[in-house]
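Heads up, the thing below is written out as structure tokens.
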Amino acid sequence: MVTRRRFLTAVSVAVGLTAVGGCGGGDVPTVRMAAGEPGGFYDAFARLLAATAERAGTVRIEPVTTAGSLANLELLMRGEVDTALALADSVVAAAPGPLAVGRVYENYLQLVVRADSPVRRVADLRGARINLGNTGSGATASGEKLLRAAGVDPATEVTATHLPLSDAATALVAGRLDALLWAGGVPTAALDIPATMRLVDLADVTAAMRDRFGYLYDPVLVPADAYPHTPAVRTIGIANLLVAAPTLSDTATAALTDLLVGHADALVPAEAAGTQFLDVRSLIDTAGIALHPGAARVYRDRHG
């Protein structure tokens with residue numbers, strides 16, 4: 001479970017947290033959105049959404065740079081942001097509290113090792129030095145579950161670190177790490193896998209993840225050449241949710257939801273074409289998290 005202590009620790013080391021504002025002038029509401037690390041999908045999505053909102057003129061979105069899901073949810077709990085992007089399993093663990101605006105896309109667990117590594121499956125990580133996501137990211141919690149599903153104790157059988165993605169990639173190349181785990185879109189711009197690196201297939205632990213930790217973990221495929229010269233690799237997908245504070249006005253939430261529904265094609269980073277999509281069918285699949293009334297109204301008015 002994600003404890004408040006863990007949330008507070010996450011926030012204290014959040015990457016580059018920007019200042020956030022209150023309501024904008026005039027009749028256009030301002031929505032502060034906790035996003036993620038620069039170079040990751042949360043950051044790219046939030047900025048695309050902010051640009052789309054600026055053109056639409058119905059809501060103003062202020063992206064906030066953070067370390068990821070856990071930090072985002074804590075900021076939401078503390079009232080420092082109005083909305084947050086987070087992995088579904090992080091949201092479920094933090095409930096009650098956030099209300100869903102929509103399911104925006106799928107995060108892929110990506111376990112990266114050097115090409116010459118003996119690690120072929122998660123169980124081979126015993127004794128390894130592994131970066132389990134940045135402190136404050138959802139990968140920290142999901143990564144521990146992944147290890148447990150493979151029979152590896154994350155507390156005693158690996159040496160875990162929690163570096164930002166760029167620092168972890170540098171350490172892996174330099175041989176200071178044996179593996180890194182990233183939870184993000186495919187491909188992730190900041191995760192430039194060179195010929196000296198490879199993704200580890202996670203198919204052998206997918207069923208165990210679902211059996212032990214619930215239905216939120218889906219078998220997905222990283223397509224061949226998603227990263228240059230990489231083969232297709234089976235891995236685990238976790239839904240990303242855009243969630244809101246219950247105190248966010250119905251008007252602001254409805255304007256935000258209208259953007260998701262009406263501009264879906266513009267809200268997927270270009271490099272991810274073919275691996276991510278947005279449509280109404282996926283938007284309302286919010287992993288059991290109740291919809292914000294403003295979002296529910298939009299979906300009901302548009303689609304019954």
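Values in this document were obtained by computation on a predicted structure and should not be read as measured data.
Taking every heavy atom of both residues into account, Thr58 and Ala255 meet most closely at O-CB, 3.9 Å. The two residues Ala71 and Thr66 come nearest to each other via the heavy atoms CB-CB, 4.4 Å. Considering every non-hydrogen atom in both Val222 and Tyr108, the closest pair reads CG2-CD2, 3.9 Å. Ala94 approaches Leu73 most closely through the heavy-atom pair CB-CD1, 4.1 Å. Considering every non-hydrogen atom in both Leu87 and Ala183, the closest pair reads CD1-CB, 4.2 Å. Of all non-hydrogen atoms in Pro63 and Ala50, the two that sit nearest each other are CG-CB, 4.0 Å.
One distance of note links CG of Leu256 with OG1 of Thr251; it measures 12.5 Å at 0.5 Å rounding. A distance of 11.5 Å separates CZ of Arg198 from OG1 of Thr196, quoted to the nearest 0.5 Å. With rounding to the nearest 0.5 Å, the separation of CG in Asp82 from CG in Leu248 is 5.5 Å. Going from atom CD1 of Ile284 over to atom CG of Leu260 covers 13.0 Å, rounded to the nearest 0.5 Å. Expressed to the nearest 0.5 Å, how far CD of Glu74 lies from CG of Leu70 amounts to 10.0 Å. With rounding to the nearest 0.5 angstrom, the CG atom of Leu111 is 13.0 Å from the CZ atom of Arg121.
Looking at Val243 and Leu99, their side chains never come closer than 4.5 Å, going by heavy atoms from C-beta outward. For the pair Leu259/Leu49, a side-chain contact is recorded, criterion being any heavy-atom separation below 4.5 Å from C-beta on. Within the 4.5 Å cutoff, side-chain heavy atoms of Val220 are placed close to those of Glu106. Taking the side chain as every heavy atom from C-beta outward, Thr159 and Ile130 never approach each other to under 4.5 Å. Side chains of Thr188 and Gln110 form a contact here, defined as non-hydrogen atoms less than 4.5 Å apart. Within the 4.5 Å cutoff, side-chain heavy atoms of Val92 are placed close to those of Leu216. Using a 4.5 Å cut-off on side-chain heavy atoms (C-beta onward), Leu241 and Leu85 make no contact. For the pair His162/Leu132, a side-chain contact is recorded, criterion being any heavy-atom separation below 4.5 Å from C-beta on.
For the pair Arg32 and Glu62, the salt-bridge criterion is not met [side-chain N within less than 4.0 Å of a carboxylate O].
Formation of a donor-acceptor pair under 3.5 Å by the Glu37 side chain with backbone atoms of Leu165 is found in this model. A donor-acceptor pair under 3.5 Å is absent between the side-chain atoms of Ser90 and the main chain of Ala86, judged by distance alone. A donor-acceptor contact shorter than 3.5 Å links the side chain of Arg126 to the backbone of Gly151. Although no hydrogens or angles enter the test, the distance criterion places no donor-acceptor pair under 3.5 Å between the side chain of Asp43 and the main chain of Gly40. Panel note: side chain Thr257, backbone Thr253; a donor-acceptor pair is recorded below 3.5 Å. A donor-acceptor contact shorter than 3.5 Å is absent between the side chain of Arg234 and the backbone of Asp201.
Each of Val233, Ile193, Val112 was compared with Tyr227 under the side-chain contact (heavy atoms from CB on, under 4.5 Å) criterion, and only Ile193 meets it.
Atom CG of Asp116 has more than 12 neighbouring heavy atoms from other residues, nucleotides or ligands inside a 6.0 Å radius.
Residues satisfying the side-chain hydrogen bond (donor to acceptor under 3.5 Å, both in side chains) test with Asn240, not counting sequence neighbours, are Tyr42, Asn107.
Leu181 is connected to Phe213 through a chain of hydrophobic side-chain contacts under 4.5 Å among Ile, Leu, Val, Met, Phe, Trp and Tyr, so both are in one cluster. Both Val261 and Tyr105 belong to a single network of hydrophobic side chains, linked directly or stepwise wherever heavy atoms of I, L, V, M, F, W or Y lie under 4.5 Å apart.
Counting only N and O atoms by type, the side chains of Asp285 and Ser282 include no donor and acceptor under 3.5 Å apart. With 3.5 Å as the limit, one finds no donor-acceptor pair spanning the side chains of Arg114 and Ser117.
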Open item on the list: Show, in sequence, the C-alpha distance, side-chain angles and deciding distance for Thr135 and Thr140, and conclude whether the side chain to side chain contact (heavy atoms under 4.5 Å, CB included) test is met.
Closed with: CA-CA 7 Å; Thr135 301; Thr140 60; 5.6 Å; no
Task: Evaluation steps, side chain to side chain contact (heavy atoms under 4.5 Å, CB included), between Asn72 and Val81 - done: CA-CA 8 Å; Asn72 292 353; Val81 296; over 6 Å; no
Open item on the list: Could you walk me through whether Asp89 and Ser142 satisfy the side-chain hydrogen bond (donor to acceptor under 3.5 Å, both in side chains) test, starting with their C-alpha distance in whole Å, then the side-chain angles of each, then the deciding distance to 0.1 Å, before giving a yes or no?
Closed with: CA-CA 8 Å; Asp89 57 349; Ser142 301; 2.8 Å; yes
If you look only at distance, which donor and acceptor atoms sit under 3.5 Å apart when one is on a side chain in residues 204-212 and the other is two or more places apart or in another chain?
from   : atom 1 : to     : atom 2 : distance (Å)
Thr206 : OG1    : Leu202 : O      : 3.2
Arg210 : NH1    : Tyr215 : O      : 3.2
Arg210 : NH1    : Tyr217 : O      : 2.7
Arg210 : NH1    : Asp218 : OD1    : 3.3
Arg212 : NH1    : Arg148 : O      : 3.1

Which atom pairs, donor and acceptor, lie under 3.5 Å between side-chain atoms of residues 167-180 and protein residues at least two apart or in another chain?
from   : atom 1 : to     : atom 2 : distance (Å)
Thr170 : OG1    : Ser166 : O      : 3.1
Asp178 : OD1    : Arg129 : NH2    : 3.0
Asp178 : OD2    : Arg129 : N      : 2.7
Asp178 : OD2    : Arg129 : NE     : 3.1

